[in-house]
Amino acid sequence: MKNKKFDFVVFGASSFVGKILTAYLVRQYGQSNDFKWAIAGRSLDKLEALKSELNAADLPALKIDASSEADLKLLCEQTRAVASTVGPYALYGNGLVKACAQNGVDYCDLTGEVQWIARMIEIHEDEAKRSGAKIVHCCGFDSIPSDLGVQYLQEQAVSQFDTPCQQIKMRVRRLKGEFSGGTLASLINVAHELSKDRSLAKKMSNPYYICPEKLPTRQPNVKFAEYDDTAQSWLAPFVMAGINTRVVHRSNALLNFAYGKEFKYDEAMMTGNGTKGRLMATTMALGMGAFLAGVVIPPTRWALERFVIPKPGEGPSPKAQERGHYDLRFYGQTASGKQIQAKVTGDRDPGYGSTGKMLGEAVVCLAMDMRDKPGGFWTPASLMGSNLRTRLEKHAGLSFEIVN
């Protein structure tokens, strides 16, 4: 690893989110004396065009095809770590994870595809542990705010009460932004997989699906409109709860059950009080159910793909990204009934602007701060924890606060 040319490489830099990520790294770090980095993708022309657009002529560019084992091996020979934006990962990400696990190269990405994460862990975890490769999925809006938000609240609970919270509820108080075309394409691909393998639905419904140990504790799950006395608001299902909750439970397991083996966690969206809040929660729940049903049925899935869902590579303008934001609330309660609340906020739209900054800080943290950590498949909280949280607060527009 001492002879590596780069500390990290951004793979898929000419994709929509890849451009946001690269622009952030150029703006925040440039070609600093602290580390060296490069961009990579299958089209050198697109990479050079991106360099020109960002006025970053000195930024090295590597022509690497995700489908070529030889190219991926060449990439791994040159870098300590890789940040990948090439999704859907279940379609295009297998080769890079395999190459990194085999060659001891650290890796992070933006996937929210829990079925793919489970497959990668099953196939490559032993290899990653042997080689020393640290693999960290879900380093964007799914699931850094949830994962680090829970960890932060638990640290504060232990500091105040000498015990962690037995239950935490994450409630989306405000969210302004669009879901990325890549996220929606991943949902479409999950529907394809479900249609081919009926047993997959049962696996994905298990809250401990990607945990090394399956626990008997039943987990709450907001499936339709319901009222939450703690948040004093009506709730609607949150589309990202299916991945975020799994990541949080894996973090707990990898942290030697620092939150306890009876820890409960769920996520939902707040829609407000009264009749208006109830109506909005019901409408959102019905709309989400209709969309997911439409994705599963082949004819409507085709229509959604063709006419409704943005394609990967499409997304909001820079101004729209800047206008976006989010405010997540974490309500914790200890086994004895003591309560504590935290909030996590972001200053850009979650799916693009904030996600690009989060992945940027994750790969810098992974490459520069985690060199002495052991290999394996980690989560953002279980591997990078407070180191990443500090970077996000300092550079990436996130805040972690206790609410009095």
Side-chain angles (χ1 to χ4, degrees), residues 10 12-28 39 41 46 49-56 83-88 109-112 138-146 149 171-188 236 238-241 243-244 267 269-272 280 283-284 287-288 291 295 304-329 343-363 392-393 395-399:
V10 173
S14 61
S15 68
F16 192 87
V17 176
K19 289 179 180 179
I20 296 171
L21 166 60
T22 304
Y24 170 74
L25 289 169
V26 168
R27 183 173 64 251
Q28 185 65 47
I39 55 175
K46 290 183 178 180
L50 176 60
K51 288 170 55 178
S52 178
E53 179 184 332
L54 298 176
N55 194 25
S84 175
T85 67
V86 181
D109 65 25
L110 298 172
T111 188
C138 306
C139 289
F141 186 64
D142 46 342
S143 300
I144 279 179
S146 297
R171 303 297 182 239
V172 181
R173 187 182 185 193
R174 283 196 296 268
L175 187 152
K176 182 178 181 181
E178 301 177 20
F179 287 109
S180 72
T183 296
L184 295 171
S186 296
L187 286 173
I188 293 288
F238 182 44
V239 69
M240 290 184 172
I243 179 62
N244 292 340
E267 298 188 344
M269 296 193 70
M270 298 168 63
T271 59
M280 185 178 292
T283 301
M284 290 176 66
M288 181 175 164
F291 174 78
V295 165
L304 287 168
E305 286 182 290
R306 186 171 179 83
F307 301 112
V308 178
I309 295 174
K311 303 293 187 294
E314 298 177 354
S317 68
K319 285 188 177 180
Q321 294 172 36
E322 290 178 10
R323 288 195 297 266
H325 57 267
Y326 52 91
D327 180 342
L328 313 180
R329 299 301 172 104
K343 69 175 179 178
V344 176
T345 61
D347 68 347
R348 293 289 187 274
D349 73 305
Y352 293 94
S354 188
T355 278
K357 294 196 291 184
M358 282 188 275
L359 182 59
E361 292 304 326
V363 72
L392 294 172
E393 289 190 297
H395 302 302
L398 272 73
S399 68

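This chain uses plain numbering: 1 for the first residue, then up along the sequence.
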Taking side-chain contact (heavy atoms from CB on, under 4.5 Å) as the test, write out the residues that go with [X], two or more places apart.
{"X": "Met269", "result": "Val172, Phe238, Met284"}
{"X": "Asp109", "result": "Ser84, Tyr89, Tyr107, Thr111, Trp116, His137"}
{"X": "Lys46", "result": "Ser14, Ser43"}
{"X": "Ser399", "result": "Thr345, Glu401"}

Go through the structure and list residues passing salt bridge (charged side-chain N to carboxylate O under 4.0 Å, His left out) with [X], not counting sequence neighbours.
{"X": "Lys19", "result": "none"}
{"X": "Glu361", "result": "Arg391"}
{"X": "Arg348", "result": "none"}
{"X": "Arg174", "result": "Asp327"}

Any residue meeting ring-ring contact (aromatic ring centres under 6.0 Å, His included) with Tyr326, in chain and number order, not counting sequence neighbours: Phe141

Return the set of residues passing side-chain hydrogen bond (donor to acceptor under 3.5 Å, both in side chains) with [X] (not counting sequence neighbours), or none when no residue passes.
{"X": "Asn244", "value": "Ser143, Ser146, Glu267"}
{"X": "Thr271", "value": "none"}
{"X": "Glu53", "value": "none"}

Side chain to side chain contact (heavy atoms under 4.5 Å, CB included) assessment of Lys51 paired with Ile39: CA-CA 9 Å; Lys51 288 170 55 178; Ile39 55 175; 3.9 Å; yes

Closest contact, heavy atoms only, Ala23 versus Leu54: CB-CD2, 3.7 Å

